[in-house]
Trainee: 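For reference, the structure I am asking about is given below.
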Number of protein chains: 2
Amino acid sequence: MMHNFNSGPSILPASVLQQAAAGIQNFNNSGLSILEIGHRTPLFEEVLHTAQTLVKRLLNLPQHYEVLFLHGGATTQFLQIPMNFLDTHATAVYFNNGIWGKKAIEQAQAFGNVYVAADGSDKKHAYIPKNYTLSKQAAYVHITSNNTVEGTQWHQFPDTDLPLVADMSSDIFSRQLDYSKFSLIYCGAQKNMGAAGVTMVAIDPQAFPTISRPIPAMLHYQTHINNGSMLNTPPVFAVYVAMLTMQWIQQEGGLAVMEQRAIERSTKVYQALDALPAFIPTVAKEDRSHMNIVFTTQNPAWEELFLQRCKQENMVGVKGYRTVGGCRVSLYNAIDMQSVDALVNLLHQCNDDFLKK
Amino acid sequence: MMHNFNSGPSILPASVLQQAAAGIQNFNNSGLSILEIGHRTPLFEEVLHTAQTLVKRLLNLPQHYEVLFLHGGATTQFLQIPMNFLDTHATAVYFNNGIWGKKAIEQAQAFGNVYVAADGSDKKHAYIPKNYTLSKQAAYVHITSNNTVEGTQWHQFPDTDLPLVADMSSDIFSRQLDYSKFSLIYCGAQKNMGAAGVTMVAIDPQAFPTISRPIPAMLHYQTHINNGSMLNTPPVFAVYVAMLTMQWIQQEGGLAVMEQRAIERSTKVYQALDALPAFIPTVAKEDRSHMNIVFTTQNPAWEELFLQRCKQENMVGVKGYRTVGGCRVSLYNAIDMQSVDALVNLLHQCNDDFLKK
């Protein structure tokens, strides 16, 4: 058995993989592959509609919200959001709390003014800021709800009347929140939502401001809405896998169950890391992510040894982000407690071996 | 047996579908699904590298060309090309020969000047223009090599020293050409190249002009090149299916064989359409596409009857483009001669029935 701790693309439920493989051979008894059907056929329209409905149901979003399945990844949203929401002389509030938030800031600066409400780079983004002030007037407030690379997660979102925009790429569908507080939620699908190749954007159309710049059709949310998320050929298969994954979440019990499991899993790992002197969790306790757990080793030389042991135990995806180093395990919705237990077991074993107990 | 005449997403080789389904269960004996592997692992890097190499080999492109696999569909290229190649006061030459070329023109006009060298809208784009003049000075010349909707195909490309840019979405890998004449070739994968969700761009980096506008990273070709086509998480599965499809083309004998089959298939259908008075092929003989065959019925009421008969014979994708009407069959690389023969047979039967012979 493989233990898949990949940060994304990452583990998917076995039943989803089975259904996806079956759909490639013969989709819904059509005699055709899901890869061979026209996107403007009832066959695919039902997939798209089901996926849109599931997003709204799982997140309990108001009916008037629109759900888009777009190309381009969350990285394209970094530019699409300011292009649609930040007029040239307006200001948007961003939080610089990690690599992805920083990239979002860089893209937004090309379109208007960016006010960075908090910057965690002094402590390598190992915490979520608590002391910040939000201006009363701003186009929107942008947050990365979970920092995949640094292992932090917002557990208490800013209290503001400004439109809240959140990159939820790495913790979508993992916890219960009042999602209607967000004017725009976006995520690349390749963690809790499915396979790489599609980006979900849930949006309150009432939040659209007047923007003076011309916006190319493919980057214009309203145009995508007007075209029912089919302005051009959508990434059919990736939408299908997203639908299957959301159906699985629903069948398992929805976000309440996902949240409970996420807490249970991450608590086991954090407890081990806190108890074992060979390993050092890097994130402030109150800001720890339930999805991505980042840690180092007391002796830097042990890191490579630990990674080797992981490999021997069929554990993949334990190496930290390429520009950051250290270790990281990602515990997304689909991961089994068996993998978590195997990891905790290995942490104990390595601790004893490294400390020569 | 289904006969898949879809215009895209469309038919893929059975062996590709089998390999794709197998890769979803267990990719390359890794114990993981292709949907679950990290994109920055040797497992996927090999897929990407193989796919890039196959594009260059099949098209016989010079070694210094770069091959990118991007998100966003060909429609995103409509804006990305002028953004990167057309400075604000410069002029690009476009051909208005169909729905997709027109969309490309509309997007380009937001970035610079567009000179439309020929406009076929007078005859509903049922031909490829022969009498046009190209200015000696222009940023580039843009062509849609095959018009999926109207069923025309360029068989003789403009003779020019200007950089040639071609949307080859619907006839990529279907014929032998001197592809090195093109500075930029792009295509959505969902016809001859694989599944929807990835866009291939082959580019001569020596053709990049100096552009004064700032270009967002995700829309900047050079940035994608600098990042080895992995600026963000690529659409992993769609790249994999593209690789498998190109491997199949290679194994079958490459573009020489694809071209021969395409001519054989389309000739059979055009001969039937020309011979049968009940059906009217709409495109000028010398400009007919080998990929998409467009026709109407002598009596407009027969169209619906014909489409019903197609349905009875398990033929899908025969209805014309939603804004154009009529009938269209697409004969991409993966389609079997058996399907072509079944279609020709049905055309004869319907002709007899409609004319009450």
Side-chain angles (χ1 to χ4, degrees), chain A residues 1-2 4 6-12 16-18 20-22 24-25 30-41 44 71-76 78-79 83 103 106-107 110 188 190 194-199 214 216-219 231-238 241 314 316-317 322, chain B residues 1-2 4 6-12 16-18 20-22 24-25 30-41 44 71-76 78-79 83 103 106-107 110 188 190 194-199 214 216-219 231-238 241 314 316-317 322:
Chain A
M1 178 192 177
M2 298 295 290
N4 188 345
N6 275 332
S7 59
S10 46
I11 190 165
L12 290 174
V16 167
L17 296 176
Q18 250 169 2
I24 284 183
Q25 301 276 19
S30 64
L32 296 172
S33 166
I34 179 77
L35 307 184
E36 297 180 312
I37 61 167
H39 56 292
R40 294 188 196 278
T41 57
F44 179 68
H71 299 266
T75 305
T76 298
F78 294 168
L79 72 101
M83 195 179 251
K103 289 192 190 219
E106 285 163 6
Q107 292 297 308
Q190 65 270 18
V198 66
T199 309
M218 273 301 282
L219 297 168
L231 179 57
N232 71 339
T233 310
V236 171
F237 182 73
V241 175
N314 289 326
V316 297
R322 63 203 157 98
Chain B
M1 180 193 177
M2 298 295 290
N4 189 346
N6 276 332
S7 59
S10 46
I11 190 164
L12 291 175
V16 167
L17 296 176
Q18 249 169 0
I24 284 183
Q25 302 276 19
S30 64
L32 297 172
S33 166
I34 179 77
L35 307 183
E36 298 179 312
I37 60 168
H39 56 292
R40 294 189 195 278
T41 58
F44 180 69
H71 300 267
T75 305
T76 298
F78 293 170
L79 73 100
M83 195 179 251
K103 290 192 191 219
E106 285 162 7
Q107 292 298 309
Q190 66 269 19
V198 67
T199 308
M218 272 301 282
L219 296 167
L231 178 56
N232 70 339
T233 311
V236 170
F237 182 73
V241 175
N314 290 327
V316 298
R322 64 202 157 97

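Values reported hereafter were calculated over all heavy atoms of this structure, with side chains retained and with hydrogens, waters and symmetry mates removed. Reminder, nothing fancy here: chain letters follow the sequence lines and each chain counts from 1.
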Trainee: Select, from A:P216, A:S30, A:G317, the one with the greatest count of heavy-atom pairs under 4.5 Å involving chain B.
Mentor: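 Greatest number of close heavy-atom pairs with chain B: A:P216.
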
Trainee: Answer with side chain, backbone, both or neither: which region of A:L17 has an atom nearer than 4.5 Å to a non-hydrogen atom of chain B?
Mentor: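 A:L17 touches chain B through backbone and side-chain heavy atoms alike.
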
Trainee: Which one wins on heavy-atom pair count under 4.5 Å against chain B: A:A22, A:A21, A:P234, A:S33?
Mentor: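 Most heavy-atom pairs under 4.5 Å with chain B: A:A21.
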
Trainee: How far apart are the closest heavy atoms of A:A74 and A:G188, and which atoms are they?
Mentor: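 In terms of heavy atoms, the two residues are closest at CB-N, 4.1 Å.
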
Trainee: Just to verify, what does B:A195 make a side-chain contact (heavy atoms from CB on, under 4.5 Å) with, not counting sequence neighbours?
Mentor: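 Checked B:A195 against side-chain contact (heavy atoms from CB on, under 4.5 Å); matches are A:L35, B:V241.
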
Trainee: Heavy-atom distance under 4.5 Å to chain A: side chain of B:V316, backbone, both or neither?
Mentor: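 When you check distances to chain A, only side chain atoms of B:V316 fall under 4.5 Å.
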
Trainee: Is any side-chain heavy atom of A:M218 closer than 4.5 Å to one of A:L231?
Mentor: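 The answer is yes; the side chains approach within 4.5 Å.
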
Trainee: If we define contacts as heavy-atom pairs under 4.5 Å, which of A:M83, A:Q190, A:K103 has the most with chain B?
Mentor: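 Among the listed options, the one with the most contacts to chain B is A:Q190.
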
Trainee: Flag the pair A:N232 / A:H71 as yes when at least one side-chain heavy-atom distance between them is below 4.5 Å, and no otherwise.
Mentor: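 In short, these two side chains touch, coming nearer than 4.5 Å.
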
Trainee: Under 4.5 Å from any heavy atom of chain A, what part of B:P214 do you find: side chain, backbone, both or neither?
Mentor: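 Interface part for B:P214: neither.
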
Trainee: Over all heavy atoms of both residues, which pair between A:N6 and B:G38 is shortest? Give the atoms and the distance, please.
Mentor: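 For A:N6 versus B:G38, the nearest heavy atoms are ND2-N, 3.6 Å.
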
Trainee: Sort B:S10 into side chain, backbone, both or neither according to what part of it lies under 4.5 angstrom from a heavy atom of chain A.
Mentor: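 B:S10 touches chain A through backbone heavy atoms alone.
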
Trainee: Heavy-atom distance under 4.5 Å to chain A: side chain of B:L219, backbone, both or neither?
Mentor: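 The side chain, not the backbone.
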
Trainee: Go through the atoms of A:A238 and report whether side chain, backbone, both or neither lie under 4.5 Å from a heavy atom of chain B.
Mentor: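 No part of it gets close to chain B.
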
Trainee: With a 4.5 angstrom heavy-atom cut-off, which part of A:Q18 approaches chain B: side chain, backbone, both or neither?
Mentor: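 Its backbone and side chain both get close to chain B.
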
Trainee: With chain B as the partner, which of A:V236, A:I37, A:I34 has the greatest number of non-hydrogen pairs under 4.5 Å?
Mentor: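 The candidate making the most pairs under 4.5 Å is A:I37.
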
Trainee: Chain A heavy atoms under 4.5 Å from B:A110: which part of the residue, side chain, backbone, both or neither?
Mentor: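 Neither; nothing under 4.5 Å.
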
Trainee: Given heavy-atom pairs under 4.5 angstrom as the criterion, report whether the side chain, backbone, both or neither of B:T199 touches chain A.
Mentor: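 Neither part.
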
Trainee: If we define contacts as heavy-atom pairs under 4.5 Å, which of B:M2, B:R40, B:Q25 has the most with chain A?
Mentor: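 That would be B:R40.
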
Trainee: Can you check whether A:P9 reaches B:F44 side chain to side chain, under 4.5 Å on heavy atoms?
Mentor: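 In short, these two side chains do not touch, never coming nearer than 4.5 Å.
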
Trainee: At what distance, to the nearest 0.5 angstrom, does CD of A:E106 lie from CG of A:L79?
Mentor: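 Between A:E106 CD and A:L79 CG, I get 12.5 Å after rounding to 0.5 Å.
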
